[in-house]
Amino acid sequence: QPNQGTLTINLNHFNTTPGQSVWLSPLRPDGLDLERETWLNPQLINAAGLSQLDLFLRGDITQEQGGDIHLAAGGKFTAYGQEIVLAGTIDAAGGVIDISSRATVAHENIDKESELQKPEAWGQHDVHVVSGARLDTSGNWVNRSAAVDVGQQSVSVLDGGSISLRSRGDLLLDTGATLAANAGALLSANNTVSGGKGGSIQLQAAYPAEAVDITLDAKLQAQGFSQNGSLSIDLPELQIGRGEPVQTLKAVTLLDYDFFAPGGFAKYSFATNLGGTDILPQQGASFAWQQRNCVLKDGAYSAATSSRSV
């Protein structure tokens, strides 16, 4: 995809813990502490038409509702900090969204001998995607048929991108939030449709030798036209099915059969980083997993080029 520029905000040079924090908000937050907090106006960032936005902090990252970030097709959004709360939209068609509260910082600025780089100096920090938030690396819909006034030519992105959330603490995906890495499609000038593949979603919650909480109530999707994408989850302990546990799990995340029912992925990968895994029969229910692919809606052939509408 064409490169439309990069904005990198690297505040790792602040030698205090916690360090400088960042607010993504359409309005300047009340009571902003200019010594420790930086306000970024998303409208100005979006107007720049960036392909890449990087935030590297020793402090917190808060995206308020309405603080939406829209990057160019194939773009990349990276946010490495401590406590991370996302309440708006982050959109990069076919691109990358990489969120981490696990003390990963810009490599060129790491002092390998610094006490601040030791894991225990950072403590436990959460990633929270609240209701109404949307992280989207889905491909887009481009209509180049003669029946539609194309206007400005848009970049076609067929395959979904990737979303990675890594938490050095709790990973909370609320009901009403969405993580989407679905395919896009292209309708050519001769009315031939080309559909893409689903992308990937990776979720990780871990803290050395301690249990952390993980909630997976958000809508998770990586659907394609012929091939869905993948979901990878790394968490402390896991139980699949609501049967009677055969081992004692202190911080178990329960996924019942309904978790797999939407069929949004072709591949699931699970790993545990603290305890074990139980896969248990669920009384009165059967496990029948089948992926469900994307299909064009009625009227798609006459729909103008847009991001996600067909």
Side-chain angles (χ1 to χ4, degrees), residues 84-87 97 99 101 124 126-138 160 162-183 197-207 209-224 227-295:
I84 299 176
V85 178
L86 304 174
I97 296 175
I99 310 289
S101 68
Q124 182 171 322
D126 306 336
V127 173
H128 188 185
V129 184
V130 306
S131 180
R134 183 177 184 89
L135 310 185
D136 200 339
T137 62
S138 300
S162 67
I163 300 173
S164 175
L165 303 182
R166 291 168 292 158
S167 175
R168 190 178 170 80
D170 298 341
L171 178 60
L172 309 174
L173 309 183
D174 290 354
T175 300
T178 300
L179 277 63
N182 298 315
K197 299 180 293 185
S200 63
I201 297 176
Q202 300 92 34
L203 307 174
Q204 183 182 58
Y207 189 74
E210 291 188 22
V212 295
D213 293 329
I214 181 169
T215 58
L216 302 178
D217 296 329
K219 186 176 183 179
L220 307 175
Q221 287 184 319
Q223 291 179 290
Q227 179 180 332
N228 288 0
S230 62
L231 175 64
S232 175
I233 299 177
D234 184 347
L235 69 176
E237 298 171 335
L238 175 65
Q239 178 179 325
I240 298 176
R242 292 186 176 274
E244 188 67 26
V246 298
Q247 59 180 316
T248 302
L249 300 177
K250 298 179 180 178
V252 66
T253 297
L254 172 64
L255 301 180
D256 63 18
Y257 293 169
D258 290 341
F259 179 81
F260 302 91
F265 301 91
K267 180 181 179 181
Y268 293 87
S269 300
F270 296 99
T272 55
N273 51 62
L274 179 66
T277 302
D278 276 344
I279 300 178
L280 306 171
Q282 192 165 310
Q283 187 175 7
S286 60
F287 183 84
W289 165 63
Q290 182 177 3
Q291 69 169 338
R292 300 180 181 180
N293 301 121
C294 293
V295 294

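As the structure is a computational prediction, the values presented were derived from the model and not from experiment.
Checking each of T253, L231, I233 against F270 for a side chain to side chain contact (heavy atoms under 4.5 Å, CB included) leaves exactly one that passes, namely I233. Partner T215 forms a side chain to side chain contact (heavy atoms under 4.5 Å, CB included) with one of T175, V129, L172 and no other, that one being L172.
Residue K197 comes nearest to A183 through the heavy atom pair O-CB, 3.5 Å, listed as atom of the first residue, atom of the second, then distance. What you find for L135 and I163 is that their closest heavy atoms are O-CD1, 3.4 Å. Closest heavy-atom contact between S167 and D126: OG-CA, 3.7 Å. Of all heavy-atom pairs spanning A205 and P236, the tightest one is O-CD, 3.5 Å. Heavy-atom minimum distance, E237 versus T272: CA-CG2, 4.0 Å. Taking both residues in full, the closest heavy atoms of A181 and I201 are given as CB-CG1, 4.4 Å, listed atom of the first, atom of the second, then distance.
Applying the side-chain hydrogen bond (donor to acceptor under 3.5 Å, both in side chains) rule to S200 yields the partners Q202; only residues at least two apart in sequence or on another chain are considered. Take Q221 and apply the side-chain hydrogen bond (donor to acceptor under 3.5 Å, both in side chains) test, not counting sequence neighbours, and it matches N182, Q223. With sequence neighbours excluded, the residues that form a side chain to side chain contact (heavy atoms under 4.5 Å, CB included) with A266 are N228, Q291. Residues satisfying the ring pair (Phe, Tyr, Trp, His ring centres under 6.0 Å) test with Y268, not counting sequence neighbours, are F260, F265, W289. Applying the side-chain hydrogen bond (donor to acceptor under 3.5 Å, both in side chains) rule to D217 yields no partners; only residues at least two apart in sequence or on another chain are considered.
Atom CG of residue L203 and atom CZ of residue R166 lie 11.5 Å apart, to the nearest 0.5 angstrom. Separation of atoms CG (L171) and CD1 (I99) is listed at 11.0 Å; rounding is to 0.5 Å. Atom CG of residue L165 and atom CD1 of residue I97 lie 8.5 Å apart, to the nearest 0.5 angstrom. Considering CG of D234 and CG of L274, their distance stands at 11.0 Å, rounded to 0.5 Å.
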Could you walk me through whether D136 and T178 pass the side chain to side chain contact (heavy atoms under 4.5 Å, CB included) check?
CA-CA 8 Å; D136 200 339; T178 300; over 6 Å; no
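In this structure, the side chain of Q227 does not engage the main chain of G229 through any donor-acceptor pair within 3.5 Å. Side-chain atoms of S131 never come within 3.5 Å of backbone atoms of A177 as a donor-acceptor pair (strictly under, hydrogens ignored). Remark: the backbone N or O of D213 is paired with a side-chain donor or acceptor of D170 at under 3.5 angstrom.
D174 and H128 share a side-chain donor-acceptor pair at under 3.5 Å.
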